[in-house]
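For the numbers below, each heavy atom of this structure counts, side chains included, while hydrogens, waters and symmetry mates do not. We name chains A, B, ... by the order of the sequence lines, and we start the count at 1 in each one.
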Amino acid sequence: MKTVIVMAAYNEQGSVGKVISDLQAHHYQDIIVVNDGSRDETEEEATGAGATVLSHVINRGQGAALQTGIDYALADGADIIVTFDADGQHHAKDIKRLITPVQQGKVDVTLGSRFLKNTTTAPFTRRAILKMGALTMKLFYGLRLTDSHNGLRALSRKAAESIRLRSDGMEHASEIIQQIAEHNLRYKEVPNTITYSTYSLKKGQDDSAAVKIMAKMIIDKLKR
Amino acid sequence: MVNFIQILIVAFSLFALSRLIIRRKDRSVPLGEFIFWSVIWLGAIVLVLFPDVLTAAADKTGIGRAIDLVVYTAVIAIFYLIFRLYVKVEQQQQDITRLVRKIALQGKKKGK
């Protein structure tokens, strides 16, 4: 089964190269990096590290970048697509555990959860907000998750074909959950480790973004 | 009988109406918009010359002061217009992303 890693990268110079090398060291050779209108050397660094690089001429947001990567991966014959962060928060060694249930045909989607084994160094406020997010997921979409905004996921080909992200920004994480529910995809959470460094914390969403995402989710629900 | 403000508003509304009609003749204003603005300007003229119309409407709706009715109506209209704008902007954002995605995927087919 062909496993393709898809990463969205926006100004990740200095990080993306290392992440790609690490993935290759774990024997993942099909790596797609979507350069989301970076203003630095992200594209060159990713290309130099040996990834396939697609480029958005202007920044559209992580959701849009991932969808572009997914489209390309599907066209390229991927059977399993893994979404992976370019900022070093994710670990390549977690991928095996992530894709196994999909390879075995048990589920269509696996979602990483940093809370399953309590392997996180997340700051308290962020944990609190994420917990609230998970509760919201249950209320809105009926999915019981421990971690609703973890960027590490594995999608079967069928899942990737069914899911069409229309949101460009950070709310795409909620949209994926919503579409999993809508298309009745089988899913499962697996534990993974998220490493917070000062670098990635700076790049992550600030906690107020969670409120904005909630608002968008509500409006979206009203529109349907 | 008529005071200065009334004359001013009526004069301005007539002026705005005339400009509107000219642009409509030029077809540079779509029909919907033309009707919308005509109603506004004609409405302004009528309300200014016959303020009792507004007071009667205000009494009917149980609101009291005519100006309150105007303000409430305006607020509702503004909310509605903003919502329409929001939907339009969201659609545009999605359209832009589709374009950017197409460019990205095409660039890939030609390049590597």
Examine distances only and state if a side-chain atom of B/R101 and a backbone atom of A/A64 form a donor-acceptor pair shorter than 3.5 Å.
-> yes
Side chain to side chain contact (heavy atoms under 4.5 Å, CB included) test vs B/V100 passes for just one of A/V57, A/N59, A/T68, namely A/V57
Distance col, row A/R60:CZ vs B/Q94:CD, nearest 0.5 angstrom, shows 10.0 Å
Examine whether an atom of A/S55 lies under 4.5 Å from a heavy atom of chain B, and if so say whether it belongs to the side chain, the backbone or both; otherwise answer neither.
-> backbone
Do B/I96 and A/I58 come close enough that some side-chain heavy atom pair is under 4.5 Å?
-> yes
Take atom CZ of B/F50 as the centre, draw a 6.0 Å sphere, and report whether it contains more than 12 heavy atoms from other residues, nucleotides or ligands.
-> no
State whether the number of non-hydrogen atoms from other residues, nucleotides or ligands found under 6.0 Å of B/K102 atom NZ is greater than 12.
-> no
Atom pair CD/CZ of B/Q93 and A/R166 - distance to nearest 0.5 Å | 14.0 Å
